[in-house]
There are 2 protein chains.
Amino acid sequence: MDVESIVFPHFEQYIRLSPELKHELANRIHLRTFEKGELVHNADTICVRSYFIRKGLLRTYFLKDDKEISEYFSSENQWVNSPRSFIKQKLDIYYIDALEKTEAFSLHVQDLVYLFDNFPEMERYARLSMGTNSGFMIERIFSLRFTTAKEKYEHFLETYQHIHHRIPLGMIASYLGISQETLSRIRAEK
Amino acid sequence: MDVESIVFPHFEQYIRLSPELKHELANRIHLRTFEKGELVHNADTICVRSYFIRKGLLRTYFLKDDKEISEYFSSENQWVNSPRSFIKQKLDIYYIDALEKTEAFSLHVQDLVYLFDNFPEMERYARLSMGTNSGFMIERIFSLRFTTAKEKYEHFLETYQHIHHRIPLGMIASYLGISQETLSRIRAEK
DNA sequence: GTAATTTTTTGATATAGGTCAAAATTTATG
DNA sequence: CATAAATTTTGACCTATATCAAAAAATTAC
């Protein structure tokens, strides 16, 4: 299985992986497949696994007035989980489902805790990669506060350069916090 | 100086502080005072210090069409810096100024790097405290996407429970991404 | 491959909140 | 304290985008 060729390079963007750590990672990460439409995580449960996507597309969403609101989308070479649920091991509002058939490497929270406890460089990895993530959130906050619906959509196209065409319009609209009618009109005018 | 009674308890919310680490922290953290209106960080420079506020109120803002837009406010027992500038050691858009006379403990980025390199528990501290922070950003993103101006203001009042009355209206409006006229009307109607 | 379902588009209308301008109030300064 | 400067409030008006409804198009299922 290609933990070595897919997951290791991701870590190595942030830290050096010792042979021991590689060994532990390889033993603890397991490939899993989700069919299109399958639920990867249910908000009824505490999130105990984090998935690193090898191929496919996942959506993190929540329910608001019985409607599905997309929180964000994740694709190849990204970790996905229900953040506050996974970190705090408590319930949270997010569901995750597969917009495409998806293959992902799965890491259990207990294994991650073991790795944090025994490999300080994993703490560093987490700190640094969270920094990358915070950067995205800062940008998103900016985009939500000060831009028109059209600019929000353009920002989305940039942020999701590689995958925007794989995501249905309605889901993009809820991600941006605009109505799908407005988004449809924005698209039409180009 | 009361690094011991102010800063240590903050760290101890997340990690145990060894005597050695306490010693290093105490040696590297220095108290500094800013007068009301004083610039704590200038966007023209790379941010090399992080400040832990002992007393006072700081504002992080940026310029947009020559207007000051408040990004967030920070008060007692919080770290403040220009996040992306401090972490990546490159220029970013944020200025920080003092809305009140402020006393803050200052930690240089080089000292922090030393601490990260020699005390793995500091990496853990950073990881965990960033998690807390991400939680706030997730909430803010929700609030910006799906709520009316009034609800945004109410969310602000919750988030800044202790300090909202110390922040001028115009700065709150730009923080929320609404016009100050609208905010003034919202306040009037209560 | 046709029917059923879901998603997207188009049209008409309503409204929250923006902008501009000026008055009122508060805060800062000599 | 008095005057200047900054901030907040109020009013009039306008526009971007929401909502509701229905048609069109695309996708899914039998």
Side-chain angles (χ1 to χ4, degrees), chain A residues 34-39 57 59 61 63-70 73 95 97-101 142-157 160 163-190, chain B residues 34-39 56-57 59 61 63-70 73 95 97-102 142-157 160 163-190:
Chain A
F34 299 96
E35 292 306 316
K36 179 172 182 172
E38 192 177 342
L39 210 56
L57 180 58
R59 168 184 65 144
Y61 68 96
L63 299 176
K64 181 170 182 280
D65 313 326
D66 284 332
K67 287 180 59 182
E68 297 178 355
I69 308 289
S70 300
F73 309 96
Y95 298 78
D97 68 357
L99 299 186
E100 301 172 355
K101 179 176 179 179
F142 177 88
S143 170
L144 288 170
R145 272 198 299 180
F146 296 113
T147 62
T148 61
K150 184 176 180 179
E151 289 166 332
K152 286 185 179 77
Y153 179 58
E154 285 162 355
H155 180 252
F156 163 82
L157 291 180
Y160 287 100
I163 53 171
H164 65 83
H165 54 279
R166 291 152 66 184
I167 304 170
L169 175 141
M171 293 185 186
I172 296 172
S174 76
Y175 168 82
L176 294 174
I178 65 179
S179 71
Q180 50 178 353
E181 293 91 332
T182 295
L183 182 53
S184 174
R185 288 181 179 109
I186 287 166
R187 277 190 168 173
E189 79 191 28
K190 293 210 181 184
Chain B
F34 299 96
E35 292 307 316
K36 179 170 181 172
E38 192 178 343
L39 210 56
L57 180 58
R59 168 183 65 144
Y61 68 96
L63 298 176
K64 181 171 181 281
D65 312 326
D66 284 330
K67 288 181 60 182
E68 297 179 355
I69 307 290
S70 301
F73 309 97
Y95 299 78
D97 68 356
L99 298 187
E100 301 172 356
K101 180 176 178 179
T102 297
F142 177 87
S143 171
L144 288 170
R145 271 197 300 180
F146 295 112
T147 62
T148 62
K150 185 176 182 179
E151 289 167 331
K152 285 184 180 77
Y153 178 59
E154 285 162 355
H155 180 252
F156 163 81
L157 291 180
Y160 288 100
I163 52 171
H164 65 83
H165 53 281
R166 291 151 67 183
I167 304 170
L169 176 141
M171 291 185 187
I172 297 172
S174 74
Y175 168 82
L176 295 175
I178 65 180
S179 72
Q180 50 178 355
E181 293 92 331
T182 295
L183 181 53
S184 174
R185 288 179 178 110
I186 287 167
R187 276 189 169 176
E189 78 190 31
K190 294 213 178 180

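In the text below, chain A, chain B and the rest are named by the order of the sequence lines, each starting its count at 1.
Computed from coordinates, the A:Lys67 NZ to D:dT19 C1' distance equals 10 Å when rounded to whole Å. Separating the OH atom of A:Tyr153 from the C1' atom of C:dT8 is a distance of 13 Å, rounded to the nearest angstrom. One atom, CG of B:Leu169, and another, P of D:dT7, lie 11 Å apart when rounded to the nearest Å. Rounded to whole Å, atom P of D:dA18 lies 13 Å from atom CZ of B:Arg145. Between B:Asp65 atom CG and C:dG18 atom C1' the separation is 14 Å, expressed in whole Å. Distance A:Met171 CE to C:dT6 C1': 11 Å, rounded to the nearest Å. What separates CD of B:Glu68 from C1' of D:dA6 is a distance of 12 Å, to the nearest Å. Taking atom CD of residue B:Gln180 and atom P of nucleotide D:dA6, one finds them 14 Å apart after rounding to whole Å.
The shortest non-hydrogen separation linking B:Ala149 to B:Thr182 is CB-CG2, 3.9 Å. A:Leu144 approaches A:Leu176 most closely through the heavy-atom pair CD2-O, 3.7 Å. Listed here is the closest heavy atom pair of A:Tyr175 and A:Tyr160: OH-CE1, 3.4 Å. Taking each heavy atom of A:Phe146 and B:Ser174 in turn, the nearest pair found is CZ-O, 3.4 Å. For A:Ile178 against A:Ile186, the heavy-atom pair with the smallest separation is CD1-CD1, 4.5 Å. The two residues A:Ile69 and B:Arg145 have their closest heavy-atom pair at CG2-NH1, 4.1 Å.
Note on ring orientation: taking the six-membered ring where Trp is involved, the planes of A:Tyr61 and A:Tyr95 are parallel (angle under 30°, cut-offs 30° and 60°). Between A:Tyr153 and A:Phe156, the two ring planes are parallel [angle under 30°; tilted spans 30° to 60°].
Nucleic acid contact for B:Leu183: none, since no nucleic acid atom lies under 4.0 Å from a heavy atom of the residue. Among the protein residues, A:Gly37 comes within range of no part of the nucleic acid, since none of its heavy atoms lies under 4.0 Å from any strand.
End-to-end axis angle of the helix from C:dG1-D:dC30 to C:dG30-D:dC1, from C1' rotation axes over five pairs per end: 60° (rounded to 10 degrees).
Put simply, the residue from B:Arg59, B:Lys36, B:Arg166 that forms a side-chain hydrogen bond (donor to acceptor under 3.5 Å, both in side chains) with B:Glu100 is B:Arg166.
Where B:Ala149 and A:Gly170 each meet DNA chain C at their nearest nucleotide, the meeting point lying more 5' is that of A:Gly170.
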Letter per nucleotide, 5' to 3', of nucleotides 19-30 of chain C [B base touched, S only sugar-phosphate touched, - untouched; heavy atoms, 4.0 Å]: BBB------S--
